[in-house]
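Reviewing the structure listed below.
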Amino acid sequence: TLHLRAFTSSADGDGPTTARIVSLNVTSLDANMSVIHQLHHHYGANILALQETRHSGRSQPTLQRAMAAADYGSFRTVFGQPPRDLWVTRKARAGGTDHPVRAYASQQGGVCLAAQGAIVDSTIDDAHVEGLLKTQRWIECCIPIPHPTTRSQRPDPPTAIYCASVYGKSNADNTGLFRSVWEAAHRVGDQAPYFICMDAQVDIDNSNFLLDMLQRGWHNVAQGFPGEKACTFGQAIGWDRRSPGPNCTRIDYEIGRAHV
């Protein structure tokens, strides 16, 4: 979770705007809408970067309406291209034969960005990111940051931030994907903060490309905090989703580029 403070305090009592960005692999959004409810009510999240949504073309409108409901936080959403349909076998009834049907959820994959305020799909009609969108593992949005009309602490406060949600492939070399994501981030310039929220499927210390990004002005936003090395993925039964243990790793990151 990233707590981002827009520089908006003034002598007239306007406090700083705080954006709480949460990046999370939901392992099927349709099956885990309760997580969205919890992030809103218990953590005060107002920007979500979701991976492995497994949304389909059929389920996407329903998911968008659900997340827009007040009980789920009134989130406005932008989904990446839906993964390929998942087909399952329906057992025969009354003497019929087993037959394949299209499942409501899609195959593994899918990404989404959501915000409680305005959110703008920054990928529309952009030929530079057509290939990246087709991976079904990346989406990017521009999210305006509200500012008071009174004097700001900074002469040039950012008026928006960019966020990208990225989902790496399991048991694969994702260097090509990371490079494309990096190139996409640089196409928008450096006039606004940019945050890449990813399920990288690899420890950052084991990815030469991600380490190189950290040498080029990008920052692991968890660096220096107590949870910097906390595990985010594990397969042990009863794992508390944080403590180190066998087959537990950290593969989820928020990497940011500051406003310059």
Side-chain angles (χ1 to χ4, degrees), residues 1-10 12-53 55 63-79 111-121 139-148 152-154 157-167 192-199 219-228 230-233 240-243 250 252-259:
T1 303
L2 170 64
H3 299 266
L4 175 69
R5 302 185 71 178
F7 307 97
T8 57
S9 62
S10 78
D12 295 330
D14 293 312
T17 298
T18 300
R20 294 182 176 89
I21 304 175
V22 174
S23 179
L24 182 69
N25 181 316
V26 291
T27 318
S28 178
L29 181 56
D30 179 60
N32 291 292
M33 280 297 296
S34 60
V35 173
I36 307 302
H37 182 277
Q38 185 177 25
L39 291 175
H40 167 58
H41 287 281
H42 297 285
Y43 294 95
N46 42 31
I47 298 175
L48 304 177
L50 307 177
Q51 301 91 40
E52 200 176 354
T53 54
H55 65 280
L63 295 172
Q64 288 179 307
R65 288 193 295 269
M67 292 185 68
D71 199 38
Y72 287 100
S74 301
F75 283 101
R76 301 176 184 181
T77 53
V78 174
F79 284 82
V111 287
C112 171
L113 286 164
Q116 289 181 327
I119 184 170
V120 180
D121 186 343
I139 189 63
E140 173 197 83
C141 287
C142 179
I143 302 172
I145 299 285
H147 287 274
S152 170
Q153 282 185 326
R154 287 181 52 166
T159 58
I161 64 172
Y162 283 88
C163 283
S165 182
V166 183
Y167 182 40
Y194 196 112
F195 298 94
I196 301 173
C197 306
M198 61 170 62
D199 178 347
H219 307 277
N220 176 5
V221 298
Q223 187 173 356
F225 288 89
E228 177 184 356
C231 296
T232 60
F233 176 78
D240 63 5
R241 296 181 177 271
R242 189 174 186 86
S243 303
R250 184 178 185 90
D252 300 272
Y253 298 94
E254 293 181 10
I255 299 177
R257 183 189 65 199
H259 171 57

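Residues: numbered from 1 along the sequence shown.
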- Query: Side chain of Ser165, backbone of Ile139: donor and acceptor closer than 3.5 Å?
  - Reply: no

- Item | Trace of the side-chain contact (heavy atoms from CB on, under 4.5 Å) decision for Asn25 with Tyr167 | CA-CA 8 Å; Asn25 181 316; Tyr167 182 40; 3.6 Å; yes

- Task: Measure the CD1-CD1 distance between Ile161 and Ile145 for me, rounded to the nearest 0.5 Å.
- Result: 4.5 Å

- Taking the side chain as C-beta and beyond, is there a heavy-atom pair between Leu29 and Ile36 under 4.5 Å? yes

- Message: For Ala114 versus Met67, what's the shortest heavy-atom pair and its separation?
- Response: CB-CE, 3.8 Å

- Query: Distance from Cys163 atom SG to Glu254 atom CD, nearest 0.5 Å?
  - Reply: 8.0 Å

- Evaluation steps, side-chain contact (heavy atoms from CB on, under 4.5 Å), between Arg257 and Tyr162: CA-CA 10 Å; Arg257 183 189 65 199; Tyr162 283 88; 5.9 Å; no

- Can you tell me how far the SG atom of Cys197 sits from the CG atom of Leu24, to the nearest 0.5 Å? 11.0 Å

- Shortest non-hydrogen contact between Tyr194 and Ala164, atoms and distance: OH-CB, 3.8 Å

- Can you check whether Arg76 reaches Ile119 side chain to side chain, under 4.5 Å on heavy atoms? yes

- Can you tell me how far CD of Gln116 sits from OG of Ser74, rounded to the nearest 0.5 angstrom? 7.0 Å

- Task: Kindly compute the distance separating OG1 (Thr53) from CG (Leu63), expressed to the nearest 0.5 Å.
- Result: 8.0 Å

- Scanning both residues in full, the closest heavy-atom pair of Asp252 with Gln51 reads OD1-OE1, 4.5 Å

- Note on the structure: Heavy-atom nearest pair, Ala160 first then Ala192, reads O-CB, 3.4 Å

- Message: Nearest 0.5 angstrom please: Arg250 CZ to Asn220 CG, how far?
- Response: 6.5 Å

- Query: Do Leu113 and Ile143 touch side chain to side chain, with heavy atoms closer than 4.5 Å?
  - Reply: no

- Query: Would you say Tyr72 and Met33 make side-chain contact, with heavy atoms under 4.5 Å?
  - Reply: yes

- Task: Would you please classify the geometry between the His40 ring and the Phe75 ring as parallel, tilted or perpendicular, with 30° and 60° separating the classes?
- Result: perpendicular

